[in-house]
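In what follows, every chain begins at residue 1, and chains take the letters A, B, ... in the order their sequences are listed.
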2 protein chains.
Amino acid sequence: MATIKDIARLAGVSISTVSYALNNDTKVSKKTRERILATARELNYQKNGIASDLKRSSTRTIALIVTDLSGPYYSELVKGIQEVTLSKGYDLLACSSVGGETSTAVKFLTEKRVDGAIVLAHNISEEIILQSARAKFPVILLDRKVESEYVVSIEVDNEAGSHMAAEYLIKQGHRDIAYISGMAISELHFMRIRGYERALQEHGLNSKNRLHQFGLFNRENGYSMTKMLIAQGKLSSAFMYANDEMAIGGLMAFKEHSIKVPQDVSVTGFDDIELAKYVRPALTTVLQPKYERGALAAHLIFQILEGQDTEPYYILPTQLVMRDSVSSKA
Amino acid sequence: MATIKDIARLAGVSISTVSYALNNDTKVSKKTRERILATARELNYQKNGIASDLKRSSTRTIALIVTDLSGPYYSELVKGIQEVTLSKGYDLLACSSVGGETSTAVKFLTEKRVDGAIVLAHNISEEIILQSARAKFPVILLDRKVESEYVVSIEVDNEAGSHMAAEYLIKQGHRDIAYISGMAISELHFMRIRGYERALQEHGLNSKNRLHQFGLFNRENGYSMTKMLIAQGKLSSAFMYANDEMAIGGLMAFKEHSIKVPQDVSVTGFDDIELAKYVRPALTTVLQPKYERGALAAHLIFQILEGQDTEPYYILPTQLVMRDSVSSKA
DNA sequence: CTGTTAGCGCCTTCAG
DNA sequence: CTGAAGGCGCTAACAG
């Protein structure tokens, strides 16, 4: 593969002149520049971006780290990140944390391959994040709260969100409200549970034996947990699911058993993913401001890179989206 | 930031010894290695992956290039790519081609930042692909057919797919079948149109004035094109859409005008995206083997990197998925 | 305007 | 087992 050295030799100029010409520096005369560009084309020269990054010691790219590249994407969130990143002339790349400590995500966090990271992957350890974050490598956390210099967390008010949902169910006359969750070690899901429990307490309702936690936060598990509860005859009047994916799994289980939603049981989710409004019945759920969150995350990266001060923590409001999966028992 | 130089100085050894120790080379005695690792930890040393890549002249990472990171992802396809890539010990990163010639995608294609690329982004010019592909940089194309060394195309039999869908509609008694597409410059969509036209011809039906092409291949445009046709009173008996996204937009438009699908008009899509089975009525569409396609793409990258010969072109079969959006007029 | 030069941080023969 | 030395390809002072 041709390098600038080869071009220099062929064009009869020095290496630095080639570099200047290629980078459109005004120092080079038009004539030499053109000769250089011509021989570059002739050799099918391709810049080695890695060498260039090494020299500049800056990559002008930001990484978005997600649990699984093939997973259900928060498309609006990515859009927010993408637009801000591009407007700053930076590049954005996405990588996944499948593989744990040897994952691509860790490689990008710890090997200076990018200038900042936005993390939405609970399986990345806090230790790695703390070790990586520096003035020239800000880390924005979307899935947990961590207090440290050069890392800022942007959370959604999960507790208020599920509190709102529970309160709504109670107002609709539901007294026996189950909560279906996964085996959370994540702060996020603790908060959602807390909101649920608080609402029940405030209304003198019992949440004991109503909280079911097991497995992953995905559709399959929502489905199988619901089937299990149905089999055990534990049919509450309303089911709150930890997120929309699980709720959609639950909806499938109910349908299989000819249990009508919302006539027989009411269902709520959390997140307001795109599918939520398409499933039947359309899912009543809690919306989070996804685009704004993404855009804020990207903004903060640049603020920190530019040396400005930022809040260490943001919490964004949620909103109840009432659709058709909840009935009134009044 | 600490470098191996700093570690060497502090640990009282040479730079190369540090490098060996860090890379688990057996040449270093256990004692020295441990001392080195300890001082590395002490200094919070973080490897500079870029320098390492430059030296090794290999990145062990593959790029997946998509039109828009926030776009509707072929999640199954990504899963196929991801699994093969990880099993080979390579990293996978995704980047978008928004921004055209100055996009992240182009940067990764032309600057040797990765060892291979899988492209699913029609707005990347063929020229760039031809210039980039080399023995040590294979490019797999999922959105077009290009014949060249080190590039292989994996297509889906688009023509057979839409031929199948059209034929099915005809068998159900439809005679007036409209085709709604975007302004395609992409081979993919030409092929879909061709399948449609061929089926009509074979049955002596007229496709003239039945082909509507305009705008993008997204939901919004499917929606607005359908509204326009409704406004013009051009209600065919069946509407074939170029893809599921557009078909879903069409479904929304029909619903707004209280035109019943499939009672009043029949609708088909293409792709079988996840949403297709959730919309009401569930969409009859053409499925492509997404996971297999992704896995094959990744496999081919490694085959080429390992110097093995490959077919220059693959075409994968499609399959009709009959759901509820088509009625029988027989 | 062009050339010389000194690295960026790491890897890897080759000697010892 | 350890150290010295020479780059990978590119950039950016600094001189001319």
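A search for side chain to side chain donor-acceptor pair (under 3.5 Å) contacts involving B/N158 returns B/R192, not counting sequence neighbours. B/L216 meets the side-chain contact (heavy atoms from CB on, under 4.5 Å) test with B/N218; sequence neighbours excluded.
Residues from residues 22-36 of chain A lying near DNA chain C, meaning a heavy-atom separation below 4.0 Å, are A/K27, A/V28, A/S29, A/T32 in numerical order. Within residues 102-112 of chain B, no residue places a heavy atom under 4.0 Å from DNA chain C.
Distance, B/Y20 OH to D/dA4 P: 13 Å, rounded to whole Å. When rounded to the nearest whole Å, the span between CG of A/L43 and P of D/dG9 equals 14 Å.
Between B/N123 and B/S97, the side chains place a donor N or O and an acceptor N or O closer than 3.5 Å (distance only, hydrogens not considered). If you check the side chains of A/T32 and A/S29, you find a donor sitting under 3.5 Å from an acceptor. Between B/E155 and B/Y314, the side chains place no donor N or O within less than 3.5 Å of an acceptor N or O (distance only, hydrogens not considered). Counting only N and O atoms by type, the side chains of A/D53 and A/T59 include no donor and acceptor under 3.5 Å apart. Between the side chains of B/E111 and A/N48, not a single donor N or O lies within less than 3.5 Å of an accepting N or O. No side-chain donor from either of A/S19 and A/S16 sits under 3.5 Å from a side-chain acceptor of the other.
Between B/S14 and A/I15, the residue anchored closer to the 5' end of DNA chain D is B/S14, taking for each the nucleotide with the nearest heavy atom. The residue among A/L54 and A/V13 whose nearest nucleotide of DNA chain C lies closer to the 5′ end is A/V13.
Note on A/T3: only backbone sugar-phosphate atoms sit closer than 4.0 angstrom, heavy atoms only; bases stay farther off.
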**OP:** Give the C-alpha distance, both sets of side-chain angles, the deciding distance and a yes or no for side chain to side chain contact (heavy atoms under 4.5 Å, CB included) between A/L92 and A/T61.
**Re:** CA-CA 6 Å; A/L92 176 68; A/T61 112; over 6 Å; no
Could you tabulate the donor-acceptor pairs under 3.5 Å formed by side-chain atoms of residues 302-309 of chain B, not counting sequence neighbours?
unit_1: B/E306; atom_1: OE1; unit_2: B/Q308; atom_2: NE2; d: 3.2
unit_1: B/E306; atom_1: OE2; unit_2: B/K88; atom_2: NZ; d: 3.3

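Nucleotides of DNA chain C with any atom under 4.0 Å from a heavy atom of chain B span, from 5' to 3', C/dC8 to C/dT13.
With hydrogens and angles left out, the side chain of A/K5 and the base of D/dG9 share no donor-acceptor pair within 3.5 Å.
Heavy atoms from other residues, nucleotides or ligands lying under 6.0 Å from CE of B/M1 number more than 12.
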